[in-house]
Amino acid sequence: MTGRRAVLGRAFYARDDVLEVARDLLGCLLVVPTRTGRRVSGRIVETEAYRGPEDRASHAYGGRRTARTETMYGAGGTAYVYFVYGMYHQFNVVTNAADVPHAVLVRALEPVEGVDLMRRRRGRARPRDLASGPGKLCIALGIDRGFDRADLRGDRVWIEAGAALRPREIASGPRVGIDYAGDWAARPWRFWVRDHPCVSVR
DNA sequence: TGTCCGATTGGT
DNA sequence: CCAATCGGACAG
C-alpha cells in the first residue's frame, strides 16, 4: 500500500511507561482504510493513559479479567475497542508486554485524509466537529467492536509516526469522565496538543 | 435473570 | 442540565 511510511511497530507500543506512550502518540497519524483502500486518517491531538491493575479508572483495575477486558492483557500494539453508553465506541491502544493491562485511549484527532467521508459519517461540516472526542473519532473513522484485538501492524488500522512535538506544545491534566476513580481521577494522565482546536473538552 | 451504570454526545 | 440507549459487571 502506498504512502504507508513509518508505521509504529512493536517496540513503540511495548514500552514500560504507558504515560510516555500516551505523550508520544500525540502528533502521530491514526489511519483506517476503507474497503476500497481509500485512506481516512487524523492526527492524534489528545490521549489518556490507563494503567491497570493499580489504576482505579482502568477497566482492568484490580486485575479484572473478563471477556471484554481480555484484550488489554494482550501484547502491546493491538487495538482495544469497546462500546459505551449504549451508542459509542472507544478506541484504545494496548501497551506494554502481554499480561500487563496498560492502554492509551485516543480521545481526539485533527482530520487529515478522507475528510469528506468523515463529514458524511458524522453529519457535520466543520473539521473541528468531526473527531474531537473519543466517540466522534470512532464514527468518523468507522471503528466499531469488529476492530477489537486488531493488530496495529496489520492492514485494518495502524498508526504512522509524526513529527515529534516540543515539550512546550504538550499540555496535561486530569482524565475525563472517571469521577468514580477516587483519587486516581486527579492524576494528570490526559495529554493534548496545547491550544489545538480539535481537543475534546475545555 | 435483574439491576445499575458507564473512559459520551448533542440538544435544551 | 439531561435524555438517549444497551451491553458489561456483578449480585442474588
Side-chain angles (χ1 to χ4, degrees), chain A residues 13 18-23 25-26 30 42 44-74 76 78-96 100-111 118-150 152 157 159 171-193 196-202:
Chain A
Y13 301 108
V18 67
L19 301 181
E20 186 178 300
V21 177
R23 277 188 294 261
L25 242 13
L26 294 176
L30 175 58
I44 297 172
V45 297
E46 181 182 352
T47 60
E48 278 179 359
Y50 285 85
R51 203 172 70 188
E54 67 267 34
D55 179 4
R56 192 167 165 193
S58 172
H59 290 164
Y61 175 59
R64 197 152 104 235
R65 194 160 182 162
T66 65
R68 179 179 65 158
T69 66
E70 185 60 30
T71 307
M72 300 179 86
Y73 291 83
T78 60
Y80 168 45
V81 179
Y82 65 92
F83 186 67
V84 264
Y85 296 119
M87 58 190 99
Y88 299 111
H89 294 279
Q90 309 275 297
F91 174 80
N92 300 252
V93 164
V94 174
T95 71
N96 214 300
V100 180
H102 291 187
V104 175
L105 169 68
V106 177
R107 288 192 56 90
L109 307 174
E110 171 194 326
M118 292 173 88
R119 278 197 248 262
R120 249 174 284 137
R121 287 170 167 168
R122 287 275 302 132
R124 307 274 136 137
R126 288 152 63 213
R128 77 184 61 166
D129 292 330
L130 303 181
S132 53
K136 299 178 193 176
L137 99 239
C138 283
I139 294 170
L141 296 189
I143 294 172
D144 59 22
R145 274 168 297 184
F147 285 72
D148 186 44
R149 293 218 198 214
L152 294 175
V157 53
I159 300 176
S172 64
R175 292 170 291 178
V176 178
I178 53 156
D179 295 338
Y180 57 83
D183 45 319
W184 288 85
R187 302 205 176 206
W189 289 3
R190 171 175 171 242
F191 304 94
W192 66 92
V193 177
H196 198 288
C198 296
V199 165
S200 70
V201 288
R202 217 346 195 238

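The structure displayed is predicted, hence computed values, not measured ones. Naming: A, B, ... by sequence-line order, numbering from 1 per chain.
- If you measure from atom CG of L137(A) to atom P of dG10(B), you get 12 Å, rounded to the nearest angstrom.
- Contact check, R68(A) against dG6(B): no side-chain N or O comes under 4.0 Å of OP1 or OP2.
- Using a 4.0 Å heavy-atom cutoff across all strands shown, T47(A) reaches no nucleic acid atom at all.
- Atom CZ in R64(A) sits roughly 12 Å away from atom C1' in dC5(B) (whole-Å rounding).
- To the nearest angstrom, P of dA7(B) lies 19 Å from CZ of F191(A).
- Counting only Watson-Crick and G-U wobble pairs whose two key distances fall under 3.5 Å, DNA chain B forms stems of three or more stacked pairs at B:1-6 with C:6-11, B:8-11 with C:1-4.
- In this structure, the CG atom of D179(A) is 11 Å from the C1' atom of dA7(B), given to the nearest Å.
- In this model, the phosphate group of dT8(B) is approached by a side-chain N or O of R107(A) to a distance below 4.0 Å at OP1 or OP2.
- A salt bridge links R126(A) with D129(A): at least one charged nitrogen is closer than 4.0 Å to a carboxylate oxygen.
- Looking at heavy-atom distances under 4.0 Å, R56(A) makes no contact with the nucleic acid at all.
- For dT8(B), one of the phosphate oxygens OP1 or OP2 lies less than 4.0 angstrom from a side-chain nitrogen or oxygen of Y85(A).
- Separation of the C1' atoms belonging to dC2(C) and dC5(B) is 16 Å when rounded to the nearest angstrom.
- Atom CG of residue D148(A) and atom CG of residue N92(A) lie 9.5 Å apart, to the nearest 0.5 angstrom.
- Per the geometry, CZ belonging to R51(A) stands 17 Å off C1' belonging to dA7(B), to the nearest Å.
- Backbone-only engagement by Q90(A) is indicated by non-hydrogen atom pairs under 4.0 Å involving sugar-phosphate atoms exclusively.
- We find the NE2-CG distance between H89(A) and L141(A) to be 12.5 Å, quoted to the nearest 0.5 Å.
- No hydrogens or angles considered: a donor-acceptor pair under 3.5 Å links the side chains of R107(A) and S200(A).
- For R119(A), the salt bridge (charged side-chain N to carboxylate O under 4.0 Å, His left out) partners at least two apart in sequence or on another chain are D116(A).
- In this structure, CZ of R126(A) is placed 11 Å from P of dG10(B), rounded to the nearest angstrom.
- Nucleic acid contact class of I178(A) (heavy atoms, under 4.0 Å, all strands): sugar-phosphate only.
- Annotation: cation-pi geometry satisfied between R175(A) and Y50(A) (NZ/CZ under 6.0 angstrom from ring centroid, within 45° of ring axis).
- Rounded to a whole Å, the OH atom of Y88(A) is 6 Å from the C1' atom of dT8(B).
- Protein chain A contacts DNA chain C over a range whose 5' and 3' limits, counting nucleotides with an atom under 4.0 angstrom from a non-hydrogen atom, are dA4(C) to dC10(C).
- The distance from atom CG of N96(A) to atom OH of Y13(A), rounded to the nearest 0.5 Å, is 14.5 Å.
- Heavy-atom distances to DNA chain B give each of R122(A) and G177(A) a nearest nucleotide, and the one nearer the 5′ end belongs to G177(A).
- Under a 3.5 Å cut-off, the side chain of R121(A) and the backbone N or O of A140(A) do form a donor-acceptor pair.
- When each of M87(A) and R145(A) is assigned the nucleotide of DNA chain C bearing its nearest heavy atom, the one mapping closer to the 5' terminus is M87(A).
- Here the side chains of V81(A) and Q90(A) are not in contact, with every heavy-atom distance at 4.5 Å or above.
- Cation-pi geometry between R65(A) and Y73(A) is met: the NZ or CZ atom falls under 6.0 Å from the ring centre, inside 45° of the normal.
- Contacts of R65(A) with the nucleic acid, taken as non-hydrogen atoms under 4.0 Å apart, are absent.
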